[in-house]
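Below is one structure, written out as structure tokens, with a few remarks after it.
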Amino acid sequence: MKILTGNDLKTGDVIWWTGKSWSRHIGEAVDAGDNGEAVLAEESAAQRVNAAYIVDAAASPNGPLPLHIKDRVRAAGPTVRADLGINPDVPIVKG
Amino acid sequence: MYQYDKFDQAIVDARVEEFRDQVNRRINGEMTEDQFKPLRLMNGLYLQLHAYMLRVAIPYGTLSGKQMRMLGHIARKYDRDYGHFTTRQNIQYNWIKLEDTPDILADLASVEMHAIQTSGNCIRNISSDQYAGAAADEVADPRPWAELLRQWSTFHPEFSYLPRKFKIAVIASQEDRAAMRLHDIGLELVMRDGVLGARVFVGGGMGRTPMIAPEIAEFVKADDLLSYLEACLRVYNRYGRRDNAYKARIKILIHELGADEYRRQVAEEFAHVKTLGIDPPLAELERISAYFAPPAYEQGLSDEIDRSNPAFAHWVDQNVKAHKQPGYAIVNISLKPVGGIPGDASSDQIDLMADLAEKYGFDELRVTHAQNIVLPFVAKRDLFTVWQALDAAGIANANLDLVTDIIACPGLDYCSLANARSIPVAQKIAERFADAERQRDIGELKLKISGCINACGHHHAGHIGILGVDKKGVENYQLTLGGSGAEDVSIGKITGPGFDEDGIVDAVERAVEKYRAVRVEGERFIDTYRRVGADSFKEAIYG
Ligand code: HEM
Ligand code: SF4
């Protein structure tokens, strides 16, 4: 599946596309299917998201899980500061 | 310490207001990210893996107590209560909000600081020896020269859009504590027949093509130094490649031209530049130098240190260094607690270090390229008090230059360019070698970790270096041995196939145990490695 991410323009927070708006929790991300580019163009133009891009992900019991480790770390927060974790349930290393 | 004159303050203040307007226009949608990005980068604001990141310049790594306290204030008020000191003697904040940035820059400007020259293809913040002005072995204080270069390079109109970023280091001792020859230009101040001048090394660097800078001039009189540097930069600016970012650094130009041809071209350009009157008049040099006059040392202080507390004695042996002034010492504060994050300090720790500098250190601190902090002017009489305060704050780690004093870049935990995480590897290695007795027995061992080939963690210059790579989407670590960023500069060599996160810790341990088994009296790890050669270490590592 394809999910969408970017940063909140003002705060810089990592955010995920929920189908209607943006959330800090990847568990709320939805499959954008073939609409990704169109959504990103609209949301970027409206200054609701910054540096947005499409992420390949797979469904998991906790919601979408990005295929690339970089996006899993983005979703989870720094792995060395559990206290600052954003979505600490996201597994970083697969398997 | 240098203090801004009205020109310095005016340009920094003007820059804050300019950026405030730019940020407003971005937030209002009057500017796209493509338009805004180069502007924010010129003010040190990056977008990283989790958030905006602000890199603040600490010119030649030197700070007053008030400036240090401001860094703590920013961490507390605008970030998540900590900052990360970097190998370029700067500080980075990982969780900055775009809307707060103009206020942060205004706060910085109020203590004569900024984030200019921390990004982009300009001459970056100048780096120097963290023991400047205090080292027993220096021929001159490098700070006035670093300050002169700061003034010359800031907003230098000709050198604001170089082919690529440009890093300069200045030292004044034979012992190189600043990785001088791994910079685009490295200057070593020297005295010849009573005249101050510099050896000039050009074309060093790390990154994907590590190179040691060749000597381009064996002696440039101090009076000619700016003109000579101007000539070095001009030749680069004209002929450095702009078509390929990977080949755009000056090291590639010099490698392709050859040092002799580059030297010839610089000499030709210098003959012209020297007629332009760039070098400052003596009065200006004296004005700058006066700010770096020695502090008001107390005379007749004792050199005795009461070593009856064993933990204190270990810390003194490892972290306290000889000073040129009798009765005084240089204190290294290691930001490398076992299990901690190399280079990170909390707001409270930052405040404490500022307090100690004000009370016991003539109001001065330094940031080192090894991501530690230095109090360069502490009376030996006060060492125990300083140590007690550091100990209470968890930063009396007695491990300077030992295997747990690891340099690590932010890696995949924070950096959007990373292939692999650096910090967890540093933590695991530090935990493996936590035993203090064993660390001291191993002795000096510089271990450096980068999360990708950009080499921000100086892995090429590590006695032991670790490079994170992406192996089909899985973090993997290559091991290099034999690098050094000191006066015995060398680039480490890859040992062989890479390892996973646990495997790399075992591999490091096998290399260290090999050294312990075959070293002879007085040899450091790097000496043994150079004597016995790579093959026997490879055998120990891979079996
Ligand atoms: C987090 C954002 C960072 C980004 C985007 C970044 C980017 C880069 C890039 C692209 C290079 C390679 C330049 C080249 O070879 O032309 C580089 C080199 C370097 N960076 Fe970073 N870096 C970051 C953080 C850091 C940190 C945290 C440090 C200090 C710990 C640092 C210090 C250095 C050093 C020392 C080099 C190698 C020296 C050289 O340029 O030859 N950087 N960086
Ligand atoms: S070495 Fe790579 S991973 Fe580490 S900070 Fe530099 S760019 Fe990021």
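Throughout, protein chains are lettered first and strands after them, A, B, ... in sequence-line order, and every chain is numbered starting at 1.
Each salt bridge (Lys or Arg N to Asp or Glu O under 4.0 Å) pair with one or both residues in residues 45-60 of chain A, not counting sequence neighbours, appears once here: A:Lys2-A:Asp56, A:Glu43-A:Arg48. Sorted by first and then second residue, the salt bridge (Lys or Arg N to Asp or Glu O under 4.0 Å) pairs involving residues 21-36 of chain A (not counting sequence neighbours) are A:Asp13-A:Arg24.
Within residues 418-434 of chain B, the residues having any heavy atom less than 4.5 Å from a heavy atom of chain A are, in residue-number order, B:Ala418, B:Arg421, B:Ile423, B:Pro424, B:Gln427.
Partners of B:Asp470 under the side-chain hydrogen bond (donor to acceptor under 3.5 Å, both in side chains) rule, at least two apart in sequence or in another chain, do not exist in this structure.
At a 4.5 Å heavy-atom cutoff, the contact between B:Tyr82 and chain A is made by side-chain atoms alone. At a 4.5 Å heavy-atom cutoff, the contact between B:Ile341 and chain A is made by side-chain atoms alone. Residue B:Leu47 touches chain A through its side chain alone, counting heavy-atom pairs closer than 4.5 Å. Only the backbone of A:Asp8 comes within contact range of chain B, with heavy atoms under 4.5 Å apart.
By the 6.0 Å and 45° rule, B:Arg208 stacks over the aromatic ring of B:Tyr246.
Ring geometry, B:His73 versus B:Tyr78: the interplanar angle exceeds 60°, so the pair is classed perpendicular (tilted spans 30 to 60°).
We find that B:Arg20 and B:Glu99 are not joined by a salt bridge, their nearest charged nitrogen and carboxylate oxygen being 4.0 Å or further apart.
No side-chain donor-acceptor contact under 3.5 Å links B:Asn90 to the backbone of B:Thr86.
Ring pair A:Trp16/A:His25: centre-to-centre distance not below 6.0 Å.
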